[in-house]
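These numbers were taken from a predicted model, which means no experiment stands behind them. Scope of the values below: all heavy atoms of this structure, side chains included, with no hydrogens, waters or symmetry mates. Here is how names work: the chains are called A, B, and so on, in the same order as the sequence lines, proteins then strands, and each is numbered from 1.
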2 protein chains.
Amino acid sequence: MATGRSTQHNPNPAAGTRRSRGRGIPDATVARLPLYLRALTALSERSVPTVSSEELAAAAGVNSAKLRKDFSYLGSYGTRGVGYDVEYLVYQISRELGLTQDWPVVIVGIGNLGHALANYGGFASRGFRVAALLDADPAITGNVVAGLPVRHTDEMEEIVRSERVSIGVITTPPGAAQQVCDRLVAAGVTSILNFAPTVLNVPDGVDVRKVDLSIELQILAFHEQRKAGDEYRDEDEGADAEAPPAPAAAVVSTPGRAVGPGRGHGHERGQEYEEAAG
Amino acid sequence: MATGRSTQHNPNPAAGTRRSRGRGIPDATVARLPLYLRALTALSERSVPTVSSEELAAAAGVNSAKLRKDFSYLGSYGTRGVGYDVEYLVYQISRELGLTQDWPVVIVGIGNLGHALANYGGFASRGFRVAALLDADPAITGNVVAGLPVRHTDEMEEIVRSERVSIGVITTPPGAAQQVCDRLVAAGVTSILNFAPTVLNVPDGVDVRKVDLSIELQILAFHEQRKAGDEYRDEDEGADAEAPPAPAAAVVSTPGRAVGPGRGHGHERGQEYEEAAG
DNA sequence: CCATCTTTGTGCACGCGTTCACAAAGACAT
DNA sequence: ATGTCTTTGTGAACGCGTGCACAAAGATGG
């Protein structure tokens with residue numbers, strides 16, 4: 001994952017000094033913190049004062065040893081023989097994730113998905129605020145979605161700067177994604193959440209996280225196929241290699257435009273993936 | 001890790017017997033196959049006959065050595081000195097992912113997100129077919145979304161069985177997710193794509209992949225905060241630990257899921273989505 | 001103050017995934 | 001055929017993440 005983060009992590013040797021905290025928290029751990037936070041928030045609402053690693057781990061769906069190790073990267077916030085103070089941990093994790101501050105976000109591409117995201121309640125809470133909804137289609141701009149007017153992408157730079165937006169969400173058709181991404185980055189956005197089935201190319205220092213429905217489905221299909229065919233498999237394996245039948249579904253997505261001649265064609269560079277979906 | 005991978009697979013050791021080919025393809029590789037497939041499909045449409053690992057890797061946003069190793073798990077489909085045959089590879093990967101067959105899918109919870117997914121073009125292509133849209137709200141059932149009538153969840157079992165649905169997509173409010181999941185599994189579904197911010201509990205043999213928008217945003221916020229505060233950091237480190245201010249936005253809960261690791265600085269990673277408003 | 005019990009924090013080992021680096025395979029030209 | 005050049009396929013090293021297992025820390029009771 002890319003935790004992108006421009007500079008790699010420094011191995012930080014200095015750690016020795018008190019709170020080695022904050023430095024070099026493993027990416028895998030960072031990815032789980034929101035999970036813990038959610039479970040802790042639920043406990044907090046039920047006014048549960050403390051929780052053991054075992055209980056919290058169960059609630060978050062992870063192994064308790066892993067949870068303890070994760071927390072150890074934040075510092076020693078637990079009390080042996082007792083567990084962790086819920087409120088305290090909620091605060092520490094929120095702070096570590098940067099949720100104690102306001103994060104203005106712009107959503108570009110107000111189609112079905114953009115619409116859904118704009119209405120998503122999870123945005124409002126936890127410091128994320130939709131600063132603006134943008135779309136390039138004049139037929140859409142002006143509409144009010146989730147209480148906000150959809151503005152034209154021409155205003156993108158202006159909005160990103162004036163609202164100090166550092167996080168952008170791309171829900172455009174694949175063909176427009178790279179261009180929108182470039183503009184967002186040029187305007188000052190340094191973190192992008194991409195829902196378009198496109199490999200985005202960004203300069204160092206910019207983080208991109210991808211969300212791709214079709215990839216998720218394909219991964220499920222793979223496992224599903226394996227479950228179903230585990231008994232009688234091999235048969236067609238031997239010769240399978242030959243005669244690549246014409247691709248069935250051919251058509252395929254690739255919804256938007258063709259390859260972009262404009263900017264480098266290519267694609268090039270870096271990215272990393274994992275799964276995603278389109 | 002980017003891992004992001006699904007939740008828990010069982011290692012299923014039995015495999016050992018024959019066919020080393022399709023056996024034991026690493027999860028990380030499986031997660032990238034859809035990515036390669038997408039890039040290859042684009043090349044195919046441009047009638048490009050062959051492609052080198054270097055070019056394809058660039059298009060998919062990965063390292064060429066990784067790509068070659070990934071393909072090596074599928075077999076030796078390349079020609080040294082030349083590269084890979086595009087059409088052939090498209091076929092092989094499609095077959096490996098199980099995309100050469102039909103996968104009926106049900107979407108449960110037709111809120112904003114469910115609506116968006118139902119209209120998502122990516123479904124139709126690549127073997128995935130929306131077999132039915134379900135919702136528990138009588139005010140919604142009966143409506144026609146994306147050309148399909150929304151049916152009541154009472155019909156879930158009946159539909160899953162008659163349509164032989166093995167993949168279910170949950171886009172319900174968090175409170176209903178586990179229950180819906182249980183019913184889907186009981187009816188025969190063995191793969192679930194969960195968009196609700198809830199940790200789903202499923203029996204062995206059932207795969208669950210999670211997509212969580214708020215977790216993705218929180219991870220981005222973490223890195224964003226780090227970028228911003230890299231210069232003047234440590235100061236508040238020492239005493240920070242004190243005074244846990246009351247949690248601000250209490251409500252809401254957000255689940256999450258694991259992530260893939262991935263290092264590389266670059267960018268990318270991802271997954272996730274969000275959930276519909278209740 | 002001591003004994004006992006609970007739960008944290010972590011050293012250590014293991015396994016997966018990534019990357020390097022290169023021999024081998026094949027295409028092509030002569 | 002032979003030589004050269006390109007690109008694959010992979011052995012091996014490395015690093016991250018996971019999970020075990022346990023000593024240490026602190027609570028609790030007598």
Side-chain angles (χ1 to χ4, degrees), chain A residues 1-3 8-11 15 19-21 24-33 36 49-58 60-86 88-89 270-275, chain B residues 1-5 7-9 11 13 20-21 24-33 36 49-58 60-85 88-89 92 258-266 268-269:
Chain A
M1 100 175 96
T3 222
Q8 209 56 41
H9 302 156
N10 337 8
R19 281 280 182 266
S20 58
R21 239 178 51 317
I25 294 179
D27 288 341
T29 293
V30 171
R32 281 188 293 268
L33 291 181
Y36 301 143
T50 62
V51 61
S52 69
S53 63
E54 204 68 55
E55 298 169 315
L56 185 55
V62 303
N63 166 311
S64 69
K66 190 186 296 184
L67 177 145
R68 288 197 298 279
K69 181 149 292 187
D70 282 341
F71 285 175
S72 77
Y73 292 117
L74 306 183
S76 295
Y77 297 154
T79 302
R80 298 177 188 227
V82 177
Y84 299 89
D85 180 276
V86 175
Y88 187 59
L89 210 42
Q271 236 130 23
E272 262 279 337
Y273 278 28
E274 228 207 281
E275 35 201 85
Chain B
M1 171 69 43
T3 102
R5 55 268 331 26
T7 19
Q8 64 268 16
H9 301 155
S20 60
R21 201 75 327 134
I25 294 180
D27 287 343
T29 294
V30 171
R32 281 187 293 267
L33 291 182
Y36 301 144
T50 63
V51 62
S52 69
S53 63
E54 205 68 55
E55 297 169 317
L56 185 55
V62 303
N63 165 311
S64 69
K66 188 186 295 183
L67 177 145
R68 286 197 301 275
K69 179 144 290 188
D70 282 341
F71 285 175
S72 77
Y73 291 117
L74 306 183
S76 296
Y77 298 153
T79 301
R80 299 177 188 227
V82 176
Y84 300 89
D85 180 277
Y88 186 60
L89 210 42
Q92 289 302 338
V259 176
R263 62 141 18 284
H265 11 310
E268 284 297 350
R269 212 235 104 190

### Task
Indicate whether OP1 or OP2 belonging to C/dG26 is found under 4.0 Å from a side-chain N or O atom of B/T79.
no
Looking only at heavy atoms, the pair that brings A/R68 and A/Y84 closest together is CG-OH, 3.8 Å
So, OP1 or OP2 of D/dC20: does either fall under 4.0 Å of a side-chain N or O from A/N63? yes
From CD of B/E54 across to P of D/dG9 the rounded distance in Å is 14 Å
Between A/S53 and A/L67, the two heavy atoms sitting closest are CB-CD2, 3.7 Å
Rounded to whole Å, the CG-P distance (B/L67 to D/dT10) equals 14 Å
| query | Going through the checks in order, is the ring pair (Phe, Tyr, Trp, His ring centres under 6.0 Å) test met by A/F71 and A/Y77? | reply | CA-CA 7 Å; A/F71 285 175; A/Y77 297 154; 8.2 Å; no
In whole angstroms, the gap separating C1' of D/dT6 from CD of B/E55 amounts to 12 Å
Base of C/dT19 paired with side chain of B/K69 (donor-acceptor, under 3.5 Å)
yes
DNA chain D nearest-nucleotide lookup for B/Y84 and A/V82: closer to the 5′ end is B/Y84
To the nearest angstrom, the NZ-C1' distance between B/K66 and D/dC14 comes to 15 Å
Side-chain contact test, heavy atoms from C-beta onward, threshold under 4.5 Å: evaluate it for A/D70 versus A/V62 and give yes or no. no
hbond_proxy A/R80 side chain to C/dT8 base (donor-acceptor, 3.5 Å cutoff): yes
Which of C/dG9, C/dG17, D/dT10 is nearest the side chain of B/S72? It is D/dT10
Looking at B/S52, does any N or O in its side chain come under 4.0 Å of the phosphate oxygens OP1/OP2 on D/dT7?
no
Of C/dC22, D/dG19, D/dG17, the nucleotide closest to the side chain of B/R68 is C/dC22
B/D85 atom CG is separated from C/dA27 atom C1', nearest whole Å, by 15 Å
From CZ of A/F71 across to C1' of C/dT7 the rounded distance in Å is 14 Å
From CG of B/L74 across to C1' of D/dG9 the rounded distance in Å is 13 Å
B/D27 CG to C/dG17 C1', in whole Å, measures 11 Å
Shortest non-hydrogen pair, B/D85 vs B/T50, comes out as CA-CG2, 4.2 Å
